[in-house]
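Only this structure's heavy atoms are used, side chains among them; waters, hydrogens and symmetry mates stay out.
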2 protein chains.
Amino acid sequence: MGVDERRGAVLRAIVEEHIQTAAPVSSQAVARASGLSVSSATVRNDMTALERDGYVSQPHTSAGRVPTDRGYRYFVDRFADPSAIEGLGINHQRAVSEFFRGTHNALEELLHETSGLLARITQHAAVVVGPPAESARVRRVDLVPLQQGQVLAIAVLSNGAVERELLDVDPDLSIESILAAERALASLLNDSTLHSPPMPSPTGDAATDALVNAAHVALHRRAEHADPLYVGGASRIAQEQDAFATTRTAATLLELLEQQVVVVSLVRDLLESGVTVSIGAEHSIDELRDCSLVLAPYRIEGEVAGTVGVLGPTRMDYQHALAAVATVSQQLGSLLSK
Amino acid sequence: MGVDERRGAVLRAIVEEHIQTAAPVSSQAVARASGLSVSSATVRNDMTALERDGYVSQPHTSAGRVPTDRGYRYFVDRFADPSAIEGLGINHQRAVSEFFRGTHNALEELLHETSGLLARITQHAAVVVGPPAESARVRRVDLVPLQQGQVLAIAVLSNGAVERELLDVDPDLSIESILAAERALASLLNDSTLHSPPMPSPTGDAATDALVNAAHVALHRRAEHADPLYVGGASRIAQEQDAFATTRTAATLLELLEQQVVVVSLVRDLLESGVTVSIGAEHSIDELRDCSLVLAPYRIEGEVAGTVGVLGPTRMDYQHALAAVATVSQQLGSLLSK
DNA sequence: TACTAGCAGTCGAGTCTACCGACTGCTAAT
DNA sequence: ATTAGCAGTCGGTAGACTCGACTGCTAGTA
């Protein structure tokens with residue numbers, strides 16, 4: 001076995017051991033656990049080399065080594081097999097299957113529950129990004145008068161999502177005008193996507209036209225900037241006492257998840273560049289310095305529709321997380337494709 | 001000033017000081033801050049009496065006093081004026097007004113954003129319980145076929161809420177049957193509440209009847225057990241380092257909020273018995289032993305429709321929290337009443 | 001050249017001690 | 001009834017010390 005190969009094995013042992021124990025890993029522990037039959041002294045030599053190259057670091061002089069972001073990266077690229085669904089364990093596999101075999105409600109709830117499932121099996125916070133409303137076709141449009149001067153515009157999309165916007169209208173607007181607007185909207189939008197920009201489409205009646213336009217604009221706007229984020233198991237972040245040492249960071253993390261927007265765009269950016277594992281400082285958001293993100297897109301009828309992901313400390317079980325997101329995304333996709 | 005009166009003042013000073021400093025309060029501090037002109041020795045005597053009666057306690061022998069749940073209770077009952085909206089401060093008042101003057105979307109979003117507002121001004125986690133769907137009238141019912149064998153049932157309620165359930169149906173069901181079912185449902189439900197139990201209503205066609213019934217049952221079930229909880233500022237819980245000493249409790253708290261159901265029923269129970277402030281162990285849920293809950297119902301057209309509340313450590317600023325929930329609930333109610 | 005054994009050195013973490021200071025409780029005086 | 005003053009209690013902090021888990025290095029071996 002060449003020396004480079006052995007160093008890889010040493011790094012692997014360090015990562016695996018550290019993931020298990022959460023403590024710096026000593027040369028002895030590696031010599032014992034790696035399966036290599038070399039002495040701890042040899043491991044020590046390799047460790048200094050690994051440290052020189054930036055794969056591991058020492059918290060302080062007389063301590064074992066801890067993987068750096070770069071070390072984790074090497075480990076993931078080299079040793080983690082994303083297709084290894086067997087990394088899940090039979091119990092979790094069964095849990096996933098059962099979950100998706102059960103009955104579910106409209107899209108939003110399914111996605112929310114999926115994030116809970118993923119959190120449960122990975123023991124980390126989980127995120128699910130829904131399919132963008134853009135790609136779904138409009139199945140129905142309603143304009144429902146709620147009270148004087150208020151109309152609720154509702155669009156039902158082919159994927160089961162329901163977009164709605166409250167509109168303020170002229171209180172004296174007649175029911176007939178609303179109905180006319182509804183008809184006009186229906187013929188305008190049905191079977192098209194909400195993504196396409198609103199176009200004027202005169203019906204002859206000014207009040208009706210105004211309402212049609214307002215509803216169209218509102219629904220379009222919503223479809224534009226809302227692919228919602230579902231977060232499950234956020235409380236796990238608070239449990240990760242050791243990883244997010246200061247309570248401070250845990251709190252800011254939770255806040256970040258509450259705000260949603262940052263996370264959504266991060267996930268989208270990562271996935272667009274084909275990244276499925278983002279480790280520590282690799283992503284640019286400062287609050288996520290100590291976190292890793294393991295992602296998998298799910299496909300509806302072949303098209304990438306959204307993303308499921310796990311958010312945990314950099315010291316996380318990547319094998320397991322990868323297997324979990326792979327399984328869940330696959331099953332979610334096939335359920336949604338039906 | 002009688003001795004009982006003075007003891008009340010001492011207790012008040014202890015509570016107020018403790019809320020500010022988070023530390024046990026010494027007799028000197030009380031003598032200095034209470035406005036009473038007595039010596040610390042006198043205060044000490046009163047303190048032993050207060051301790052004997054269970055209003056305060058000593059963390060250890062040579063420490064100051066800390067209010068007990070009972071002490072907070074007395075303080076709230078006696079000194080906190082729930083109608084004291086001026087306890088909010090002009091800035092917060094303005095923030096609330098501006099929030100409600102801005103435009104908002106459908107009910108669910110408004111409530112969610114309201115929880116965020118309340119969290120922001122109180123610096124604690126906030127909850128909003130939505131109006132029960134039961135009381136709202138049905139404005140529209142849709143049955144939208146999504147794909148072979150799937151129909152989405154949608155009910156739009158007069159309060160702007162939209163309830164939906166996904167139904168599995170016979171894949172060969174004709175469009176006409178679905179339309180017929182939709183018409184039947186509309187005449188069955190329009191202007192009534194979802195609360196009333198489903199009744200058979202034969203139309204003559206078996207398949208249609210089955211669908212009508214399935215939709216009705218599903219929507220009714222949903223209206224029954226779903227008055228949803230909106231949680232804002234959950235991350236504040238993690239920030240309360242001192243109050244929820246162990247990370248453990250913070251995590252379980254967050255989990256509780258995620259599960260929703262426990263909190264919803266607690267809030268409902270409390271409000272039914274007219275309680276607006278529940279302190280520490282007063283509520284029976286063990287995980288909330290160190291928390292207080294400050295609630296205010298909001299009314300839509302005179303009827304109690306839901307609740308807004310603040311969830312914080314027992315050591316919280318009750319004055320401010322009371323003022324906040326009072327203002328927010330009042331404004332939320334009047335917005336929803338329109 | 002590649003590896004190993006063994007030793008010296010480093011440093012964190014835990015324990016012990018002593019001490020300071022912040023309180024209280026009590027007593028005696030007003 | 002109130003107060004002043006004093007003695008006693010106890011948590012928290014700082015310093016000294018030890019222990020043990022490491023590493024790095026050097027010299028020796030295959």
Side-chain angles (χ1 to χ4, degrees), chain A residues 1-11 13-18 20-68 71 241-242 245-246, chain B residues 1-11 13-15 17-18 20-68 71 241-242 245:
Chain A
M1 184 189 295
V3 58
D4 275 355
E5 202 175 339
R6 190 185 59 212
R7 284 198 187 144
V10 169
L11 177 55
I14 291 175
V15 171
E16 285 173 349
E17 192 77 6
H18 182 67
Q20 273 204 342
T21 65
V25 182
S26 73
S27 54
Q28 269 187 56
V30 172
R32 205 181 321 114
S34 67
L36 303 163
S37 19
V38 294
S39 78
S40 64
T42 309
V43 173
R44 279 203 285 284
N45 290 332
D46 290 337
M47 279 168 135
T48 51
L50 287 172
E51 179 156 21
R52 170 175 36 81
D53 297 344
Y55 292 106
V56 297
S57 77
Q58 252 178 326
H60 57 86
T61 318
S62 68
R65 302 306 211 282
V66 167
T68 59
Q241 323 98 318
D242 51 304
T246 56
Chain B
M1 183 189 298
V3 59
D4 275 354
E5 202 175 340
R6 191 187 58 211
R7 284 196 188 146
V10 169
L11 178 55
I14 292 174
V15 171
E17 192 78 6
H18 182 68
Q20 272 205 342
T21 65
V25 182
S26 73
S27 54
Q28 270 189 57
V30 171
R32 205 180 322 114
S34 68
L36 302 164
S37 20
V38 293
S39 78
S40 64
T42 308
V43 173
R44 279 202 286 283
N45 291 333
D46 290 338
M47 279 169 138
T48 52
L50 287 171
E51 180 156 19
R52 170 174 38 78
D53 297 343
Y55 292 105
V56 297
S57 76
Q58 251 178 326
H60 55 83
T61 317
S62 66
R65 301 307 209 283
V66 167
T68 60
Q241 323 97 317
D242 51 304

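With the end axes of the helix from dT1(C)-dA30(D) to dT30(C)-dA1(D) each set by five pairs, the angle from one to the other reads 20° at 10° resolution.
Judged as a side-chain hydrogen bond (donor to acceptor under 3.5 Å, both in side chains), and not counting sequence neighbours, the contacts of Glu16(A) are Arg12(A). Thr42(B) meets the side-chain contact (heavy atoms from CB on, under 4.5 Å) test with Arg6(B), Val38(B), Ser39(B), Asp46(B); sequence neighbours excluded. Partners of Ala49(B) by side-chain contact (heavy atoms from CB on, under 4.5 Å), not counting sequence neighbours, listed by chain and number: Arg7(B), Arg52(B).
Atom-to-atom, CG of Asp4(A) to C1' of dA2(C) comes out at 14 Å; the value is rounded to the nearest Å. In this structure, Leu36(B) atom CG and dA1(D) atom C1' are separated by 15 Å, rounded to whole Å.
Checking side-chain atoms of Thr68(A) against main-chain N and O of Gly54(A) turns up a donor-acceptor pair under 3.5 Å.
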Subject >> Nucleotide-resolved protein contact map, nucleotides 21-30 of chain D, B/S/- at heavy-atom distance under 4.0 Å >> reply: BBBB------
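Sorted by first and then second residue, the ring pair (Phe, Tyr, Trp, His ring centres under 6.0 Å) pairs with a member in residues 23-54 of chain B form an empty list; sequence neighbours excluded. Residue pairs that meet the side chain to side chain donor-acceptor pair (under 3.5 Å) test with at least one member in residues 20-34 of chain B, sequence neighbours left out, are Ser27(B)-Arg44(B). Contacts classified as ring pair (Phe, Tyr, Trp, His ring centres under 6.0 Å) and involving residues 21-61 of chain B (residues at least two apart or in different chains) are given here: Tyr55(B)-Tyr74(B). Applying the salt bridge (Lys or Arg N to Asp or Glu O under 4.0 Å) rule to pairs touching residues 57-66 of chain A yields Glu51(A)-Arg65(A), sequence neighbours excluded.
OP1 or OP2 of dT4(C) sits under 4.0 Å from a side-chain N or O of Thr42(A).
Comparing Ser37(B) and Pro59(B) by the nucleotide of DNA chain D whose heavy atom lies nearest to each, the residue mapping closer to the 5' end is Ser37(B).
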